[in-house]
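Notes for the one structure printed next.
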Amino acid sequence: MRMRIFVGLFALFLISVYSVQAQTTAAPSPPMGWNSWNHFACKVTAADVRGAANAIASNGMKDAGYIYVNVDDCWQAGRDEQGRIVPNRNFGDMKALADYVHSKGLKFGIYSSPGPETCAGFTGSYQHEEQDAQTYAEWGVDYLKYDWCSASQVYPVSQIREVYEKMHQALQKTGRPIVFSLCEYGWDLVWRWGKDVGGNLWRTTGDIQDRYESMSTIGFGQAGLEAFAGPGHWNDPDMLEIGNGGMRHDEYITHMTLWCLLAAPLLAGNDLTHVTPEDSAILLNKEAIAVDQDAKGLQGHRVSAEGPLEVWAKPLADGSVAVGLFSRAGAFPVKVNFKDLGFTGSVHVRDLWAHKDLGSFENDFTAQVPRHGAVMLRVSK
Ligand code: GLA
């Protein structure tokens with residue numbers, strides 16, 4: 001009897017070690033890639049997705065780490081007699097699309113909802129969770145964004161965790177590693193339990209818009225959530241708007257700087273077949289991306305705020321610290337005190353947007369920050 005209990009407990013232990021490990025391997029660093037929603041919304045077609053995959057594979061993004069090519073809402077037509085989800089005319093053969101994305105050395109993501117309908121009114125996974133997970137696995141899907149949407153019509157919000165756990169189980173049952181992206185706008189303090197229901201990332205807020213007010217409110221609003229992020233499980237302040245045209249250059253610099261310091265998923269949301277050199281340089285800044293993807297896996301935190309002037313820091317694996325100096329108002333000098341970063345004596349400062357070593361400094365460093373802009377530094381001993 002005792003022996004049986006022991007074997008049972010040991011098996012449970014192995015299963016939990018395995019599932020924690022699987023979660024970490026699925027997203028050891030914040031997922032990077034592209035998603036169709038911010039630019040194409042419901043007009044997206046398979047051709048747009050192939051275009052994005054072609055662009056990523058050839059414009060330097062793949063080498064910089066952008067790997068996922070994710071279809072968002074609006075790809076579904078309905079279900080066949082067997083209840084199997086069917087793509088609409090804009091997509092046709094999903095397996096062929098996944099194969100194409102894979103042929104570029106990239107990974108393929110898809111979107112659904114636990115409700116009967118997605119946010120844009122397309123067919124959701126309600127009462128077809130296992131069947132859909134199986135279909136995705138057969139198509140070769142590597143990433144699922146699971147968006148609450150109409151689920152409130154069929155579940156009380158108090159069941160939100162069970163609802164996400166149900167799809168987590170269904171995904172696990174397929175045996176295919178599939179990154180699980182929770183999208184429920186931060187409801188019920190998802191950062192506290194997203195990891196326990198198998199989430200590799202979870203949206204912490206409502207939808208981002210391509211405006212400074214929206215981006216900055218979301219980005220700076222992540223303060224305090226750093227305790228909940230780590231390898232395999234990330235806070236998601238929503239996808240990037242860089243290149244969509246609604247913000248000025250300095251504002252997009254703030255967007256990228258802040259998202260990298262936050263160890264946020266970096267999912268480009270623009271039309272990758274038409275990118276200006278300025279926007280491309282932002283998305284491809286390898287020094288900024290290295291901060292986002294750093295092996296230590298810490299989310300940055302707010303060091304200080306003097307009204308609209310903010311300083312954020314993210315400790316990195318090599319002992320250096322990435323720092324963001326931000327002005328949420330006009331052009332002002334912004335100062336970081338090195339003791340707030342845990343440094344004493346002289347430190348070395350590198351500018352990650354200018355790609356320049358600035359030299360050695362003691363006590364503090366001040367930079368002129370443009371209106372709504374950012375300066376990004378790497379400070380090391
Ligand atoms: C919700 C999500 C968005 C997007 C749309 C699609 O609003 O938060 O990111 O997926 O649905 O309809």
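The analysis underlying the following values was restricted to heavy atoms, covering all of them including side chains, and did not include hydrogens, waters or symmetry mates. Not measured: the values here are computed from a predicted model. Whatever order the structure lists ligands and atoms in, that order sets their numbers, starting from 1.
- Applying the 4.5 Å side-chain rule to ILVMFWY residues, one finds V303, L309, V311, V321, V323, L325, F332, V334, V336, F338, L341, F343, V347, V349, L358, F361, F365, V369, L377, V379 in the same cluster as V375.
- The distance between the ring centers of F108 and Y143 does not fall below 6.0 angstrom.
- The aromatic rings of F40 and W34 sit perpendicular to each other, their planes meeting at more than 60°, with 30° as the lower class boundary.
- Hydrophobic clustering places Y212 together with L258 (ILVMFWY residues linked when any side-chain heavy atoms are closer than 4.5 Å, directly or through intermediates).
- Judged by distance alone, the side chains of Q222 and N235 never bring a donor and an acceptor atom under 3.5 Å apart.
- A perpendicular orientation is assigned to the rings of W75 and Y136, their planes being inclined by more than 60° (bins at 30° and 60°).
- Among protein residues, W37, D72, D73, Y111, C119, A120, K145, D147, C183, Y185, R203, D207 come within 4.0 Å of ligand 1, judged on heavy atoms.
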